[in-house]
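Reviewing the structure listed below.
What you see is a predicted model; the values in this text were computed from it and never measured. Order of the sequence lines sets the chain letters (A, B, ...), proteins ahead of strands, with each chain counted from 1.
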Protein chains: 2
Amino acid sequence: MVRDAELLAKDSIGRRSDAVAEALMRMIQAGDLQEGDRLPAERDLMLRYGVSRSAVREAILALANRGLLLTRLGHRPIVCKPDYEIAIDRVGNLVGHLVVERNGVWNLFESRIFFEAALARWAASHAKRDDIEELRGALEANRLAIGHSLPFDETDAAFHAVLYRIPGNPIYPAVHKAYVEWLVQHWRSMKRGADIDRMNHAGHEAIFEAIAARDPDGAEEALRRHLVAAWEFVRSTFASDRRGRGQSPLGEA
Amino acid sequence: MVRDAELLAKDSIGRRSDAVAEALMRMIQAGDLQEGDRLPAERDLMLRYGVSRSAVREAILALANRGLLLTRLGHRPIVCKPDYEIAIDRVGNLVGHLVVERNGVWNLFESRIFFEAALARWAASHAKRDDIEELRGALEANRLAIGHSLPFDETDAAFHAVLYRIPGNPIYPAVHKAYVEWLVQHWRSMKRGADIDRMNHAGHEAIFEAIAARDPDGAEEALRRHLVAAWEFVRSTFASDRRGRGQSPLGEA
DNA sequence: GGCTGGCGTTTGGTCCGACCATATGTTAGC
DNA sequence: GCTAACATATGGTCGGACCAAACGCCAGCC
């Protein structure tokens, strides 16, 4: 029994469960608990730290809420080092609350336009030949899916995903995934025809052409046009949230 | 007693506490519980929903972890609608885990350079006269703080903050706050002289001049130079995390 | 011998009742 | 009228009990 060695500081002022959670977090960060390892059982921990099971449970719950642990009934909790996607996932439910407020969805979408415009510019300046080919492939797949809503949406997202992947920073694909998840709810259940698909595909094509032509300004403008058009088409689906005031994503030009 | 009306679905499959949490969340989202309102007492809720106090507590804890409730000992929990800052705050502790891994800090900083470069470009294209004046004021305050580490850092952050504020999207200032919080730990306790301050101020000045001159390309390049220089100066402070492979933020030019 | 089924063990999920610590409101005493 | 002690409300902790899902072991069957 390592009880004495791992005793909690008795003078800690906060909740016991916080102290336990911190102790566990230190163990994880220090590497005593590797990713995939199973945590000691609740009843063991309560002996080890000299607290009740309630405190242990609340600590485990807190870490699970932060994505550091994965709990299943009947299983010991599993240590689960979070990646950027999980990190953004955790904040996802909060975003759900934020977007209900005035302009919430627009703010979110505007940030996407802003970020993605910068990505398009970057791609036009720095994309390697392989990147361009990948983009071309995604564009072609998108073209073939015209008229089939579900596959079109998937290839649509895949095309944009390439843009997020090109800079090589693992944070960006996670951001993209977050945008897709948070925004997709707002144009679900939309009946649309192949003409809309064609419009979007044309937008993708213009973006691709500008990037392939190494034209940053053109790439950014094409992307802004594409996303703004998509927004204009879709914003009728939620009457409660309008663009309202705010600068146009296309600028004053 | 409204017990019957608010009974939980008995056929719910997950944990009881999750069901309670969801019920509370719906009440918050529906506006039955306004921001600042106090939640019913735990003992009331356990009667209302017909579950034990443990379940109620775990539900409250989960919502508190997500930032929807603010709990104090002896007080009833207070409903606390999260803003973007809180949302990003919640994900903050996770980032602490992420940056310890290889290139973690660099990935984070690179994303900041990327985002802020786009902000500089935007400012050069769209900043209003008031925005420019605000930027000029921040620059001047920064100049006056040269040689005084703490005030200089503050005015430094304030200068950059103006860039995040100019587009008018409330998400961006929250992102800036997050960057500052996450990255500041990595160049804390750095002894530096006024010459370093002068270098950073010169960087700010170059950014301001380009924005004031309505030169997007120049603004972006000045900002990249400034941040990359700051990075190069600071990265010696943590030997375990290097830039490693990855494209230069200045491009191949 | 190998697969399969059942049974006991482990372990998380829930409940109950009690007590403690802190904050607030109330009242008795000066 | 002000202050201090008391009562009340409320979250935090505890210990024990039981339930349900998952796992592991072992016997029995093909």
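In this structure, B:R48 and B:R43 have side chains that are not in contact, with every pair of non-hydrogen atoms separated by 4.5 Å or more. Counting heavy atoms from C-beta outward, A:V56 and A:Y49 have side chains that stay 4.5 Å or more apart. Residues B:P77 and B:L70 have side chains not in contact (no heavy-atom distance under 4.5 Å, counting atoms from C-beta outward).
Regarding contacts with the backbone of C:dC15, a side-chain N or O of B:S52 is found under 4.0 angstrom from either OP1 or OP2.
The CE atom of A:M46 sits 12 Å away from the C1' atom of D:dA17 (whole-angstrom rounding). When rounded to the nearest whole Å, the span between OH of B:Y49 and P of C:dC15 equals 14 Å. Remark: C1' of D:dG11 and CG of B:L45 are 12 Å apart, rounded to the nearest angstrom. Atoms CZ (A:R16) and P (C:dC20) sit 13 Å apart, rounded to a whole Å. Between the CG atom of B:L47 and the P atom of D:dA9 there is a distance of 14 Å, given to the nearest Å. Separating the CZ atom of B:R57 from the P atom of D:dC14 is a distance of 11 Å, rounded to the nearest angstrom.
Checked against the 6.0 Å centroid threshold, A:F109 and A:Y179 do not count as a close aromatic pair.
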Please enumerate all protein N or O atoms sitting under 3.5 Å from an N or O of nucleotides 6-11 of chain C, with distances to 0.1 Å.
{"residue": "C:dT11", "atom": "OP1", "partner": "A:R76", "partner atom": "NH1", "Å": "2.6"}

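Residue B:R53 places no side-chain atom within donor-acceptor reach of the base of C:dG17, judged by atom type and a 3.5 Å distance cut-off alone.
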Inset, instruction - Evaluate the criterion salt bridge (Lys or Arg N to Asp or Glu O under 4.0 Å) for residue pair A:E134 and A:R165; output intermediate values, then yes/no. - result: CA-CA 10 Å; A:E134 194 180 355; A:R165 206 156 44 228; 2.6 Å; yes
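Contact detail for A:N65 and B:A62: the closest heavy-atom pair is ND2-CA, 3.5 Å.
In this structure, of D:dC14, C:dT14, D:dT13, it is D:dT13 that holds the atom nearest to the side chain of A:E58.
Both A:R72 and B:R72 lie near DNA chain C, and the one whose nearest nucleotide falls closer to the 5' end is A:R72.
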